[in-house]
Amino acid sequence: MTTPYRFTQNAFALALHQQFGHLDDGEESGITVSVAGRLMLMRRQGKLAFAMMRDSSGEIQLFALSSTTEEFEEFAKLHLGDWVGIVGEVVRTKRGELSVKVSTWVRLAEAQHNFGDKWAGITDYELRYRHREADLWANPGSRVSLVRRSELVRSVRQRCWAQGFMEVETPILNAIPTGAAARPFRTHHNALDTDFYLRIAPELWLKRLVVGGFERVFELGRVFRNEGVSPRHNPEFTMFELYCAYWNYEDMMEFTESLVEGVALDVLGTTEIEYQGRPFSFAAPWPRRTMAELASEAVGEQVSVHTSRERFVELLSARGIEVHPSWGSGRCLAELFEATCEESLWNPIFVTDFPVEVSPLARRHQVDPALTERFESYAVGRELSNGFSELNDPVEQRARFEDQARLAAEGELEAMAIDEEYIRALEWGLPPTAGLGVGIDRLAMLIADEANIREIIAFPTLKPLRD
RNA sequence: GCGCCGGUAGCUCAAUUGGCAGAGCAUUUGACUCUUAAUCAACAGGUUCCGGGUUCAAGUCCCGGCCGGCGCACCA
């Protein structure tokens with residue numbers, strides 16, 4: 001059966017409810033409109049038929065009569081889920097439902113599968129994630145969460161543009177996976193007969209653009225990490241990274257809290273929300289505490305990057321954590337912090353002054369060379385952002401990479417690879433620069449109040465079906 | 001990768017101790033001129049995820065596999 005190639009739509013459901021709210025029961029407006037959407041319900045009553053049509057804005061009832069609706073019998077036999085285009089007058093039925101009184105109509109597309117139980121929708125996770133197109137109609141909440149994600153991304157872009165940041169794109173196919181500590185995906189280019197890795201972070205490329213004179217750059221892009229999946233981890237996820245020449249990490253903390261607060265205002269209209277039933281505030285400024293302070297409070301004694309490794313072994317093993325032979329005091333402090341503090345950090349907070357040992361790309365702290373000018377923000381017990389004053393000394397950067405290479409030799413699977421081209425780039429001169437990374441999916445979970453990352457990814461990674 | 005839980009009609013879910021595989025919605029047919037998850041009547045709809053095994057008898061018990069959810073591990 002041939003269906004139309006186009007349809008002229010001139011009204012949306014939501015706007016009709018706003019414009020014709022004044023109509024009395026049984027009153028006809030005299031205004032003819034053209035609407036389009038999916039048929040969600042059909043109630044036939046003899047020579048009348050009431051249908052519910054949903055478009056991108058909302059729902060509107062369709063009211064058909066055998067006396068005035070063209071091809072009434074065929075209209076009443078439309079299937080739930082069919083796309084329809086409707087021309088008719090805006091009326092309010094005797095029972096008070098605003099409706100489009102169908103004059104002429106056309107089926108724009110047939111739905112050969114239904115959209116779930118009309119009351120329960122679709123609840124099967126597998127069906128919802130594998131066929132999100134059906135889930136979006138069956139479960140309005142899915143639509144809301146994905147719309148919020150989109151609005152979040154738009155807000156981030158607009159706020160960066162407003163401060164003079166330029167959006168750039170850097171390679172996803174990388175000869176060396178670097179810029180973060182993670183296991184990569186591998187792929188192969190046929191014509192070059194070369195293996196490539198999908199990027200685990202855009203970080204080093206972006207700093208090379210700062211070397212090139214782009215003083216304010218950001219990238220919003222997919223990164224890929226070959227790790228386990230969980231309610232908080234998808235193998236491909238969206239990273240936001242931003243670099244600003246002449247800033248240090250304190251400038252970047254101010255930028256970060258202002259950006260996230262602003263995004264919440266743009267998307268939700270408030271900084272005060274509930275996440276999974278528990279109150280939460282994005283309001284800036286966020287407190288700043290050093291990692292050593294927080295870890296000391298948690299364990300009830302003063303610890304720092306200068307605490308002996310032996311003491312850390314005791315503190316960590318008491319908490320069931322085995323200290324790897326390659327860990328120094330810095331790594332131990334970071335592990336202790338994660339084990340004792342991370343989960344309890346509910347409202348946004350900046351944790352600062354990370355050990356050099358766990359921060360191979362960050363610049364040394366000016367008052368304690370065992371630390372770096374680095375921060376991570378935490379919220380709802382999870383890492384939300386990561387930023388630092390960028391290490392811009394090529395000689396020291398090489399030494400830091402070599403430390404990572406030693407870790408790799410000792411069996412550390414996630415150690416960072418040495419990138420000679422990046423070191424060469426630094427030799428051309430990177431000005432003092434601060435960088436920021438935010439996991440957009442994690443932020444979207446907060447904004448959309450979703451506990452599972454798959455809910456804010458339209459098509460999350462699933463194993464392919466096979467027999 | 002490991003552990004726990006789950007998979008029954010297109011969708012949402014039942015099925016007692018191992019004893020004829022069911023309901024609502026959707027689909028199909030019919031009735032109904034103001035419905036609101038409309039209502040009423042009727043028809044139809046099944047590889048109980050897949051493959052083995054135990055048993056007179058398996059949706060149910062056992063073994064293996066597939067897919068999903070959660071937890072752990074890894075990470076953001």
Side-chain angles (χ1 to χ4, degrees), chain A residues 25-26 39-52 59-69 72 76-82 91-99 101 111-131 134-135 137-139 179-184 200-201 222-241 320-322 338 342 376-379 381-386 412-414 437-446 451-455 460-467:
Chain A
D25 292 358
L39 215 54
M40 303 309 288
L41 286 172
M42 172 69 80
R43 293 183 284 267
R44 168 119 189 231
Q45 177 148 352
K47 295 190 172 65
L48 301 180
F50 301 88
M52 187 65 77
E59 295 181 339
I60 184 80
Q61 180 167 269
L62 307 176
F63 176 37
L65 302 85
S66 64
S67 54
T68 60
T69 298
F72 173 82
K77 287 177 183 169
L78 284 167
H79 287 177
L80 302 193
D82 284 352
V91 304
R92 190 178 296 280
T93 59
K94 289 177 190 170
R95 293 294 188 87
E97 187 73 35
L98 189 74
S99 308
K101 188 176 167 186
Q112 295 184 24
H113 305 289
N114 70 19
F115 287 88
D117 185 273
K118 69 184 173 188
W119 192 238
I122 297 174
T123 59
D124 181 74
Y125 286 110
E126 209 172 337
L127 183 58
R128 290 186 53 229
Y129 297 146
R130 289 193 198 279
H131 288 283
D135 174 49
W137 290 100
N139 300 305
R183 300 167 75 176
I200 57 175
R222 209 67 64 83
V223 298
F224 308 85
R225 298 187 182 177
N226 207 338
E227 292 156 356
V229 297
S230 84
R232 290 164 297 285
H233 302 262
N234 198 64
E236 54 178 308
F237 63 101
T238 300
M239 180 70 89
F240 166 72
E241 285 199 14
I321 298 165
E322 189 185 349
E338 283 177 26
E342 184 167 350
E376 283 187 351
S377 69
Y378 286 82
R382 304 200 279 257
E383 183 185 336
L384 183 63
S385 71
N386 178 20
E412 190 80 33
L413 292 169
E414 282 87 22
V438 180
I440 289 294
D441 309 81
R442 292 280 177 83
L443 182 55
M445 289 169 69
L446 274 178
N452 191 320
I453 197 170
R454 301 177 189 93
E455 297 293 344
T461 305
L462 297 177
K463 284 187 94 162
L465 293 173
R466 52 179 177 172
D467 300 320

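Proteins get letters first, then strands, A, B, ... in listed order; numbering begins at 1 in each.
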(request) Ignoring backbone atoms, establish whether A:R183 has a side-chain N or O less than 4.0 Å from OP1 or OP2 of B:A76. (result) no

(message) Both distances below 3.5 Å, Watson-Crick or wobble geometry, any strand: find the nucleotide opposite B:G64.
(response) B:C50

(request) Using Watson-Crick or G-U wobble geometry with both distances below 3.5 Å, tell me the partner of B:A23, or none. (result) B:U12

(request) May I ask you to decide if A:L65's main-chain N or O and A:S67's side chain share a donor-acceptor pair within less than 3.5 Å? (result) no

(message) Using a distance-only criterion (donor-acceptor N/O pair, under 3.5 Å, no hydrogens), is the base of B:G24 paired with the side chain of A:D117?
(response) yes

(request) Take atom OH of A:Y125 and atom P of B:C13, then tell me their distance rounded to the nearest Å. (result) 10 Å

(message) Once salt bridge (charged side-chain N to carboxylate O under 4.0 Å, His left out) is applied, do any residues pair with A:E338, and if so which ones, sequence neighbours excluded?
(response) none

(message) Can you measure A:I122 atom CD1 to B:G68 atom C1' for me and round it to whole angstrom units?
(response) 15 Å

(message) Any base atoms under 4.0 Å from A:D25, or only sugar-phosphate, or nothing? Heavy atoms, all strands.
(response) nothing

(request) Among B:G71, B:U36, B:G69, find the nucleotide with the atom closest to the side chain of A:E97. (result) B:U36

(request) Give the minimum heavy-atom separation between A:T238 and A:R222, together with the two atoms involved. (result) OG1-NE, 3.6 Å

(message) Taking any heavy-atom pair under 4.0 Å as a contact, classify A:F115: base, sugar-phosphate, or nothing.
(response) nothing

(message) Whole angstroms only, please: what is the CG-P distance between A:D82 and B:A26?
(response) 14 Å

(request) Counting heavy atoms from C-beta on, name the nucleotide in B:A26, B:A37, B:C72 closest to the side chain of A:L41. (result) B:A37

(message) Output the rounded distance in Å from CD (A:E338) to C1' (B:A76).
(response) 11 Å

(message) Here's a test of your reading of the structure: between A:S230 and A:Q61, which maps to the more 5' nucleotide of RNA chain B?
(response) A:Q61

(message) Measuring only the P atom in each nucleotide, how far is B:U36 from B:G45? A whole number of Å is fine.
(response) 31 Å

(message) Just to be sure I understand the rule, does A:K94 reach a base, reach only the sugar-phosphate, or reach nothing, if contact means heavy atoms closer than 4.0 Å?
(response) base

(request) Please determine if a side-chain N or O atom of A:T123 lies less than 4.0 Å away from the OP1 or OP2 oxygen of B:C13. (result) yes

(request) Take atom C1' in B:G51 and the same atom in B:A9, then report the distance between them in whole Å. (result) 23 Å

(request) Considering just the side-chain nitrogens and oxygens of A:H113, establish if one lies under 4.0 Å of OP1 or OP2 belonging to B:A26. (result) no

(message) Is it the case that the side chain of A:R442 and the backbone of A:A444 share a donor-acceptor pair, with hydrogens and angles ignored and the cut-off at 3.5 Å?
(response) no

(request) Establish, with yes or no, whether the OP1 or OP2 oxygen of B:A26 is under 4.0 angstrom from a side-chain nitrogen or oxygen of A:K118. (result) yes

(request) Name the pairing partner of B:C70, where a pair is Watson-Crick or G-U wobble with both distances under 3.5 Å, or state none. (result) B:G3

(message) For a quick test of reading the model: is some side-chain N or O of A:N452 closer than 4.0 Å to OP1 or OP2 of B:C70?
(response) yes

(request) Send over the distance from A:R128 CZ to B:G68 C1', rounded to a whole Å. (result) 13 Å

(request) Kindly point out which of B:C11, B:A76, B:C32 is positioned nearest to the side chain of A:E383? (result) B:A76

(message) Rounded to whole Å, how long is the line connecting atom CG of A:D124 with atom C1' of B:U8?
(response) 13 Å

(message) Looking at B:C34, which nucleotide sits across from it as a Watson-Crick or G-U wobble partner, both distances under 3.5 angstrom, or is there none?
(response) none

(request) Using the C1' atom on both, measure B:C49 against B:A37 and round to a whole Å. (result) 31 Å

(message) At less than 4.0 Å, is any side-chain N or O atom of A:R130 found next to OP1 or OP2 of B:G68? Yes or no.
(response) yes

(request) Taking atom C1' in both B:G18 and B:C32, compute the distance separating them and give it to the nearest angstrom. (result) 48 Å

(request) Anything under 30° is parallel, anything over 60° is perpendicular, the rest tilted; go ahead and classify A:W137 against A:F115. (result) perpendicular

(request) Verify the contact: side-chain N or O of A:R225 to OP1 or OP2 of B:A76, cut-off strictly under 4.0 Å; return yes or no. (result) yes

(request) Determine the interatomic distance between P on B:C13 and the same-named atom on B:C20; round to the nearest Å. (result) 25 Å

(message) Using the salt bridge (charged side-chain N to carboxylate O under 4.0 Å, His left out) criterion, which residues pair with A:R130? Sequence neighbours excluded.
(response) A:E126

(message) Say we look at B:C62 and B:G22: how far apart would their P atoms be, to the nearest angstrom?
(response) 25 Å

(message) Using atom C1' in both nucleotides, what's the gap between B:C63 and B:G69 to the nearest angstrom?
(response) 24 Å

(message) Within the 4.0 Å heavy-atom criterion, would you say A:R382 contacts the bases, only the backbone, or no part of the nucleic acid?
(response) nothing

(request) Please report, rounded to the nearest Å, how far the P atom of B:G69 is from the CD atom of A:E455. (result) 10 Å

(request) Please give the nucleotide sitting opposite B:A41 as a Watson-Crick or G-U wobble pair, both distances under 3.5 Å, or none. (result) B:U29

(request) Look at the side-chain N and O atoms of A:R454 and state whether any lies under 4.0 Å from the OP1 or OP2 oxygen of B:G69. (result) yes

(request) Report yes if the ring of A:F237 lies under 5.5 Å from the six-membered base ring of B:A76 with planes under 30°, and no otherwise. (result) yes

(message) For the C1' atoms, the ones on B:G68 and on B:G52, what distance do you get once it is rounded to whole angstrom?
(response) 23 Å

(message) On the nucleotide B:C34, are OP1 or OP2 found under 4.0 Å from the side-chain N or O atoms that A:Q45 carries?
(response) yes

(message) Between P on B:U28 and CG on A:N114, what's the gap in Å once rounded to a whole number?
(response) 12 Å

(request) Describe the nucleic acid contact of A:G439 in one word from base, sugar-phosphate, nothing, applying a heavy-atom distance below 4.0 Å. (result) nothing

(message) Counting C-beta onward and ignoring hydrogens, is there a side-chain heavy-atom pair between A:F50 and A:T93 closer than 4.5 Å?
(response) yes

(message) Can you confirm whether A:F237 sits close enough to A:R225 that some side-chain heavy atom of one is under 4.5 Å from a side-chain heavy atom of the other?
(response) yes

(message) Categorize A:G121 for me: base, sugar-phosphate, or nothing, with a 4.0 angstrom heavy-atom threshold over every strand shown.
(response) sugar-phosphate

(message) Looking at A:S385, is its backbone amide N or carbonyl O close enough to the side chain of A:S377 to form a donor-acceptor pair, meaning the two atoms are under 3.5 Å apart?
(response) yes

(message) Any base atoms under 4.0 Å from A:L384, or only sugar-phosphate, or nothing? Heavy atoms, all strands.
(response) nothing

